Amino acid sequence: MKEWTREERYRVLHSADEIAELHDRIVSSNYRQSFHVQPITGLSSDPNGFCYHKGLWHLYYQWCPWGAVHGLKYWYHVVSEDLLHWHNAGVGMHPDTYFDNRGCHSGSAFSDGEDLYLFYTGNHRDDDWTRTPYTCAAKLGEDGKPVKLPEPLFGPRDDYSEHQRDPKIVYVPDKKKYFIFIGAQNLDLKGRALMYQSENLLEGWKFAGELKVPGFEDFGGMWECPCIVHISGKDVLIFSPQYTKLPGRSESTNHNVYLVGSMDYDTLTFTPDGGYQFLDFGFDFYAAQFAANVSDPDKAILIAWIGLPDNHYCTEPEDWEGSMTVVRELRLKDGKLVQAPVEAIAGLRETALPADGRLPGVCELLVENKGTEFALTLFAKGDGAGGFTFVFDPEKKALVADRRGMNKRFNESVGEVLEVPMESVRNVRALIDKCSVELFFNDGEATFTSHVYPEMNEHHFTLSVNTKVTIYPLKPSVVDDFVV
Ligand code: FRU
């Protein structure tokens with residue numbers, strides 16, 4: 001593993017020429033994605049600024065240009081008309097002011113119909129590396145490039161730790177007010193969210209108070225990327241609690257959860273209807289964000305980072321890593337989120353292949369299970385050995401996912417076996433790309449997202465009896481071009 005100095009990680013990108021050779025080199029990697037957004041070079045992490053505006057979907061990702069390392073973060077911009085075919089639109093935000101001198105960290109977007117506004121964390125560090133996070137804003141100019149406000153909307157509070165970031169902006173029509181949720185850590189090192197309010201998007205912001213979430217006062221050490229959506233008469237709060245282990249998640253200390261409940265903007269209280277639930281049960285799913293300005297009141301649109309902080313992935317020696325999930329449509333059913341890949345994805349299907357055990361490198365696999373048992377191995381060798389296995393355990397009432405059979409193993413220390421609780425396996429929809437797999441179980445009641453790096457001899461699958469499978473190779477939907 002390459003050791004990066006601080007100077008290397010925080011190097012400023014002055015010209016596209018500086019990364020042209022890197023891009024040329026990585027596009028020939030066997031693991032470049034075909035229908036998932038991925039970094040043009042270097043590292044992509046959280047989705048940012050996901051929003052519908054004037055007929056186009058905008059998405060940004062946290063981007064470190066230089067390699068598979070977390071360093072100076074830019075926002076990189078991609079756009080789409082259908083949430084599936086994404087086009088590279090160039091750097092979306094440069095860390096080029098005093099307030100964001102060491103990175104434009106995560107944030108969200110909001111369209112008022114006329115203009116698109118971006119809200120992000122300016123990660124300021126002094127020479128002695130003391131950090132001051134500022135909440136900053138920008139407005140997208142006619143040329144698609146942001147025009148930053150000269151001053152931040154507000155700075156950090158000194159009664160919380162330095163971890164105060166990831167503004168999520170919402171408009172609350174009843175109150176005719178905007179609110180910003182900020183992910184935070186208090187001085188007892190507990191995860192929190194802070195609330196700010198204003199009648200105007202770009203001025204008048206005041207601290208409103210800490211978000212109260214009864215029963216969640218001691219739940220993780222930092223709540224990264226809080227985000228909220230109102231669907232089907234309920235509020236859904238998502239966030240990524242860090243620095244804690246949670247039951248069922250092996251040794252991992254980074255998670256992405258959701259609460260269904262009611263948000264009261266007068267008392268700043270989110271009252272959950274029940275316990276927390278995992279947004280996804282896979283190894284690599286984090287910092288999910290709902291799209292803003294979605295018109296359907298019963299549907300939320302979500303995207304997440306396929307990856308986790310502090311983890312290392314197999315493309316690291318190639319100087320790139322990370323990917324976004326496919327965009328997902330979420331609905332509420334019996335107090336749970338039900339997820340489906342964006343509908344347009346069916347348009348990528350090519351003619352179905354005979355189910356002879358071969359697994360194309362980029363495909364969709366649809367499995368119906370008529371039996372009570374269930375076992376699926378993806379990326380098995382020709383004789384069915386090895387691979388990534390998913391076996392239903394009726395005693396545990398869980399599907400056990402085990403990646404230890406893969407040639408390329410990684411992040412062993414966070415665990416290589418996970419359990420997905422379920423009563424039975426009725427059906428599975430698996431989306432397989434060059435370095436990721438996303439599974440939707442039982443019509444999307446549970447999902448499982450992970451990086452995976454199959455080698456040449458790992459392109460078969462096996463299934464238990466009483467199953468019916470359909471395999472569609474998928475056409476590409478992202479272009480790996482060099483736009484900076
Ligand atoms: C989550 C996160 C955010 C932060 C960003 C920096 O992965 O740590 O809290 O804004 O990444 O890249």
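Both counts, for ligands and for their atoms, begin at 1 and track the order of listing. All figures in this text were calculated on a predicted structure; none of them were measured in a lab.
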Looking at K190 and D188, does any basic side-chain N land under 4.0 Å from a carboxylate oxygen?
no
salt_bridge(E318, R25) N-O dist < 4.0 Å:
no
Thinking salt bridges, do E199 and K177 make one under a 4.0 Å N-O criterion?
no
Pairs of nitrogen or oxygen atoms, one from ligand 1 and one from the protein, closer than 3.5 Å: please tabulate them with distances.
unit_1, atom_1, unit_2, atom_2, d
ligand 1, 7 (O), D46, OD1, 2.7
ligand 1, 7 (O), D46, OD2, 3.3
ligand 1, 8 (O), E224, OE2, 2.7
ligand 1, 9 (O), R165, NE, 2.7
ligand 1, 9 (O), D166, OD1, 3.3
ligand 1, 9 (O), D166, OD2, 2.7
ligand 1, 9 (O), E224, OE2, 2.9
ligand 1, 10 (O), S106, N, 3.1
ligand 1, 10 (O), D166, OD1, 2.5
ligand 1, 11 (O), D46, OD2, 3.1
ligand 1, 12 (O), Q62, OE1, 2.6
ligand 1, 12 (O), K73, NZ, 2.8

Do D100 and T97 have a side chain donor and acceptor closer than 3.5 Å?
yes
Would you say Q62 and S45 are linked by a side-chain donor-acceptor pair, where the criterion is simply a distance under 3.5 Å?
no
Are there over 12 heavy-atom neighbours, none belonging to E114, within less than 6.0 Å of that residue's CD?
no
